[in-house]
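All chains are named by letter (A, B, ...) in the order of the sequence lines, taking the proteins before the strands, and each is independently numbered beginning at 1.
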Amino acid sequence: MKASQIPLFTMKEDPKDAQVASHRLLTRAGYIRKQAAGLYVFLPFGYEVFRKVEEIVRQEMNRFGAVEVHLPVITPAELWQQSGRWDIMGAEMMRMSDRHNNLFALGPTHEESITWLAAQFLQSYKQLPINLYQIGTKYRDEIRPRYGLIRCREFTMKDAYSFHMSDESLDETYQKMREAYRAIFERCGLATIAVEADSGNMGGSGSEEFMVASEIGEETLLLCENERGCGYRSNQEKTPFVPREVYHSGEPSPPQLVETPTQKTIEEVTTLLQQDPTLFIKTVIYETDESVILAFIPGDRDLSEVKLKNIAGGTNFAMASAETIRAVTGAEPGFAGPANLPVKDGEKIQMKNAAAQRVTKTVQIFFDHNIKNRGGLISGANKTGFHLKGLTDGRDFQSGETKDLVNAQAGDICPRCREQRLKSTKGIEVGHIFKLGRKYTQSMGLTVLDQNGKPFVPTMGCYGIGIGRTVATVVEQNHDEKGIIWPESISAYKYYLIGISKTAEEKALIEVLYQNMIDRGLSVYYDDRDERPGVKFNDADLVGFPWQVVAGKTYFEKGLIELKNRRTGEKTEVKPQELN
RNA sequence: CGGGAUGUAGCGCAGCGGUAGCGCACCUGCUUUGGGAGCAGGGGGUCGUUGGUUCAAAUCCAAUCAUCCCGACCA
């Protein structure tokens with residue numbers, strides 16, 4: 001292809017709304033263009049790369065036994081209502097209606113759709129296992145689209161869904177998908193880290209995420225430290241908390257009220273009372289449409305919202321409003337604690353919601369493992385302006401069956417080997433594999449007949465890769481101050497041909513060289529613009545094809561071209577026939 | 001949705017009550033041609049939108065929309 005056929009869309013200056021390397025460079029080099037927040041046009045080079053990634057994904061999925069289909073982007077509301085996600089998905093799901101006022105959603109994901117499809121033709125255990133996938137457009141009305149292709153509202157995902165008669169069969173496919181994912185990312189030139197992950201609102205049991213280590217990563221990963229480590233890798237959301245040192249009790253004493261008129265945070269109260277934050281009980285209050293949730297955790301640590309949400313369940317999980325806090329503690333926010341709490345676990349209370357309607361919510365109370373059987377603790381007194389000292393589990397409050405509620409962090413003990421410390425790194429999620437279980441097959445009513453002729457509800461797996469995000473993370477990992485450095489496997493073109501000619505005769509010679517390369521089936525982009533050499537060199541570096549071919553003086557004199565490796569900068573003079 | 005910031009030519013920006021400007025890009029011509037050329041000429045903007053204040057608004061005020069950054073969702 002020539003510049004006169006596919007123009008370059010390069011820019012000299014960074015667009016001001018692009019913050020991260022991939023967004024900046026993909027825009028400047030003319031691969032993508034933003035049309036609205038989280039909505040991007042793929043320009044010719046960008047679409048070429050996109051299709052290369054897609055093709056690698058397709059090949060590997062096929063190789064590992066998956067079958068490609070294509071599902072509609074517009075999905076009828078009934079499917080979502082059947083699974084119960086029409087309400088749960090909330091504003092993230094873009095909705096629309098047709099001329100008959102039938103409701104639809106622009107599919108943010110396709111579990112319902114594929115399960116509906118499976119129910120159309122799956123009848124017998126003999127048809128299982130089966131793994132169906134598609135490469136399709138998804139719509140998610142993200143609260144905050146960000147970082148160019150990394151977080152879009154319209155994006156392309158390869159999503160695969162497998163159906164099985166047994167957990168063993170699911171496990172087998174799950175392992176195959178894991179291998180396929182490794183192969184895909186490796187072929188794309190991406191270094192990924194597979195970590196244990198939380199399943200989020202997808203439901204199901206096991207799941208792993210494929211992460212690309214990056215400073216702009218939105219996930220925190222915890223890894224078992226160094227070579228002696230056990231290899232444990234997990235998303236912080238999922239990592240069980242194992243404290244570095246056992247939490248000890250404080251001085252035993254009867255409960256004592258202390259005045260803390262303005263001190264609300266743990267930090268303020270520790271300063272006032274001159275006590276270690278580990279002796280505090282931090283109270284965190286959340287609410288859902290159905291319940292008010294109180295969590296009690298060690299004062300020096302942060303609550304894991306994901307863990308709490310998974311334990312508590314419910315819809316529209318969010319921090320409790322000040323009004324709710326007053327309703328359950330009888331005090332202003334900042335003075336809540338487990339002792340003298342006016343409400344009990346499981347109690348139903350009347351309160352007003354944000355729309356000032358009267359609602360009934362159930363109180364749920366959870367204690368972290370590290371509160372159990374301890375004494376001499378300090379916490380809010382459920383009385384505005386006061387805290388309580390000398391609190392003891394079993395006497396002043398009942399921790400009952402405790403939970404893991406705390407976010408693990410770097411420096412904590414590895415929950416698997418229980419020896420090494422964890423270290424942390426930031427990561428971008430490019431792929432995610434789940435063991436989904438029967439959540440969708442059950443709700444969508446998918447059954448097949450088993451060996452005994454009895455109806456059986458198959459179990460499911462699902463496996464996703466963000467195509468555009470993969471492109472973006474490749475750029476995050478492969479660039480320098482001059483531009484992008486594409487791995488050969490997904491570069492739009494292999495060679496960037498720069499002709500430097502002073503006369504029409506010379507230009508004609510380069511044209512012949514280009515034609516020869518094309519005739520030999522080489523992937524080459526010829527910059528035939530009438531620009532000065534410097535302009536072309538800079539654009540070649542910016543768009544980042546792996547090899548630059550310069551045809552100039554040495555070509556006219558000796559018939560040799562200069563071959564430059566974009567990554568290493570290494571230059572050699574070769575005969576054109578040597579290119580492949 | 002909360003907190004912060006920004007909307008002026010394709011891109012990056014200045015102007016902050018008195019006729020709309022700069023650099024790059026673009027068009028024409030000449031000269032140039034191995035790391036973002038020079039000269040000369042030229043085209044292009046209802047100053048995000050709506051309303052207000054004023055003799056006069058890009059500029060002041062209000063509302064609204066959009067975009068970006070920081071927090072809760074996800075490939």
Against the side chain of A:Ile143, the closest entry in B:rC73, B:rG36, B:rA72 is B:rA72
Is there a donor and acceptor pair, one atom on the side chain of A:Glu562 and one on the base of B:rG34, closer than 3.5 Å? yes
Watson-Crick or G-U wobble partner of B:rA14, both distances under 3.5 Å: none
Is there a ring pair (Phe, Tyr, Trp, His ring centres under 6.0 Å) between A:Tyr161 and A:Tyr440 once you walk through the steps? CA-CA 11 Å; A:Tyr161 308 88; A:Tyr440 298 99; 8.8 Å; no
Provide the Watson-Crick or G-U wobble partner of B:rU46, both distances under 3.5 Å; none if there is no partner. none
In this structure, which one of A:Tyr47, A:Trp486, A:Phe42 forms a ring pair (Phe, Tyr, Trp, His ring centres under 6.0 Å) with A:Tyr31? A:Trp486
For A:Arg24 and A:Gln19, work out which heavy atoms get closest and say how close. NE-O, 4.4 Å
When rounded to the nearest Å, what value does the distance between C1' atoms of B:rU6 and B:rG12 take? 14 Å
Expressed as a whole number of angstroms, how long is the span from A:Arg529:CZ to B:rC27:P? 12 Å
Pair assignment for B:rG41, Watson-Crick or G-U wobble, requiring both distances under 3.5 Å: B:rC27
Would you say the side chain of A:Asp14 and the base of B:rG12 hold a donor-acceptor pair, judged only by whether the two atoms sit under 3.5 Å apart? no
Determine whether a donor-acceptor pair (one donor, one acceptor, N or O, separation below 3.5 Å) exists between the side chain of A:Lys34 and the base of B:rG10. no
Nearest atoms (heavy-atom pairs only) where A:Arg28 meets A:Glu13: CG-O, 3.5 Å
Partner nucleotide, any strand, of B:rG36 [Watson-Crick/G-U, under 3.5 Å]: none
What's the closest nucleotide to the side chain of A:Arg469 if the choices are B:rC74, B:rG36, B:rC68? B:rC74
Separation of the P atoms in B:rG38 and B:rG18, to the nearest angstrom: 34 Å
Looking at every strand, decide which applies to A:Lys507 at a 4.0 Å heavy-atom threshold: base, sugar-phosphate, or nothing. nothing
To the nearest Å, give me how far apart CZ (A:Arg151) and P (B:rC70) are. 11 Å
Over all strands shown, is A:Gly464 touching base, sugar-phosphate only, or nothing at heavy-atom distances under 4.0 angstrom? sugar-phosphate
So, does the side chain of A:Glu13 form a donor-acceptor pair with the base of B:rG10 at under 3.5 Å? no
Write down the distance between CE (A:Met211) and P (B:rA75), rounded to a whole number of angstrom. 10 Å
Rounded to the nearest Å, what distance is computed from the CD1 atom of residue A:Ile498 to the P atom of nucleotide B:rU33? 18 Å
By nearest nucleotide on RNA chain B, pick out whichever of A:Pro15 and A:Gly534 is the more 5' one. A:Pro15
Start with the C-alpha gap between A:Ser214 and A:Glu476, add the side-chain angles, then the distance that decides, and say whether side chain to side chain donor-acceptor pair (under 3.5 Å) holds. CA-CA 8 Å; A:Ser214 164; A:Glu476 289 293 330; 4.5 Å; no
Say you pick atom C1' in B:rU46 and the same atom in B:rG4; how far apart are they, in whole Å? 31 Å
When the distance from CG of A:Leu436 to P of B:rA75 is rounded to whole Å, what number comes out? 11 Å
Testing B:rC68, B:rA75, B:rG35 for proximity to the side chain of A:Glu142, the answer is B:rA75
Plane angle bin for A:Tyr496 and A:Tyr525 - parallel if under 30°, tilted between 30 and 60°, otherwise perpendicular: tilted
What's A:Asp17 touching, base or sugar-phosphate or nothing? Going by heavy atoms closer than 4.0 Å. sugar-phosphate
Is A:Lys16 near enough to B:rC11 that one of its side-chain N or O atoms lies under 4.0 angstrom from OP1 or OP2? no
Residue that, paired with A:Met89, satisfies side chain to side chain contact (heavy atoms under 4.5 Å, CB included) out of A:Arg95, A:Arg140, A:Met94: A:Arg95
Identified pairing partner of B:rU67, criterion: Watson-Crick or G-U wobble below 3.5 Å: B:rA5
Test the A:Lys435-A:Tyr174 pair against the cation-pi criterion, namely NZ or CZ under 6.0 angstrom from the six-membered ring centroid and within 45° of the ring axis. yes
A:Asp302 CG to B:rG71 P, in whole Å, measures 14 Å
Integer-rounded Å distance: B:rA72 P and A:Phe317 CZ: 12 Å
Using the C1' atom as the reference point in each nucleotide, state the distance between B:rA75 and B:rC69 in Å, no decimals. 23 Å
Derivation of the side chain to side chain contact (heavy atoms under 4.5 Å, CB included) call for A:Phe434 and A:Met460: CA-CA 9 Å; A:Phe434 289 92; A:Met460 251 180 108; over 6 Å; no
pair_partner(B:rU19), Watson-Crick or wobble, both distances < 3.5 Å, evaluates to none
Is A:Asp541 touching bases, backbone alone, or none of the nucleic acid, heavy atoms closer than 4.0 Å? base
Tell me whether A:Phe155 and B:rA75 count as stacked here, given that the ring centres must be under 5.5 Å apart and the planes must differ by less than 30 degrees. yes
Scan every strand shown for a Watson-Crick or G-U wobble partner of B:rU59, both distances under 3.5 Å, and answer none if you come up empty. none
Does the side chain of A:Tyr147 get closer than 4.0 angstrom to OP1 or OP2 of B:rC70 through an N or O atom? yes
Using heavy-atom distances to pick each residue's nearest nucleotide on RNA chain B, tell me which of A:His23 and A:Ile465 is more 5'. A:His23
Determine the contact category for A:Val535: base if any of its heavy atoms lies under 4.0 Å from a base atom, sugar-phosphate if only primed atoms, P, OP1 or OP2 are that close, otherwise nothing. base
Minimum-distance nucleotide (side-chain atoms of A:Ala37 versus B:rG34, B:rC68, B:rG35): B:rC68
Looking only at atom P, what distance separates B:rA40 and B:rA25, rounded to whole Å? 16 Å
In whole angstrom, give me the gap between the P atoms of B:rG43 and B:rU49. 24 Å
Pick the C1' atom in B:rC11 and in B:rG44, then give their distance to the nearest Å. 14 Å
Could you tell me which nucleotide pairs with B:rC73 by Watson-Crick or G-U wobble geometry, both distances under 3.5 Å, or answer none if nothing does? none
With respect to the phosphate group of B:rG36, does any side-chain polar atom (N or O) of A:Arg532 fall under 4.0 Å of OP1 or OP2? no
Considering just the side-chain nitrogens and oxygens of A:Arg144, establish if one lies under 4.0 Å of OP1 or OP2 belonging to B:rC73. no
Between B:rG35 (P) and A:Gln548 (CD): distance, integer Å: 14 Å
Decide yes or no, distance alone: a donor-acceptor N/O pair under 3.5 angstrom between the base of B:rC74 and the side-chain of A:Glu219. yes
Can you identify which nucleotide, out of B:rA75, B:rC73, B:rA25, has its nearest atom closest to the A:Lys12 side chain? B:rA25
Side chain to side chain contact (heavy atoms under 4.5 Å, CB included) partner of A:Tyr133, the single match among A:Asn62, A:Val67, A:Ile465: A:Asn62
At less than 4.0 Å, is any side-chain N or O atom of A:Arg146 found next to OP1 or OP2 of B:rC69? Yes or no. no
If we take the P atom in both B:rG34 and B:rG41, what is their distance in whole Å? 27 Å
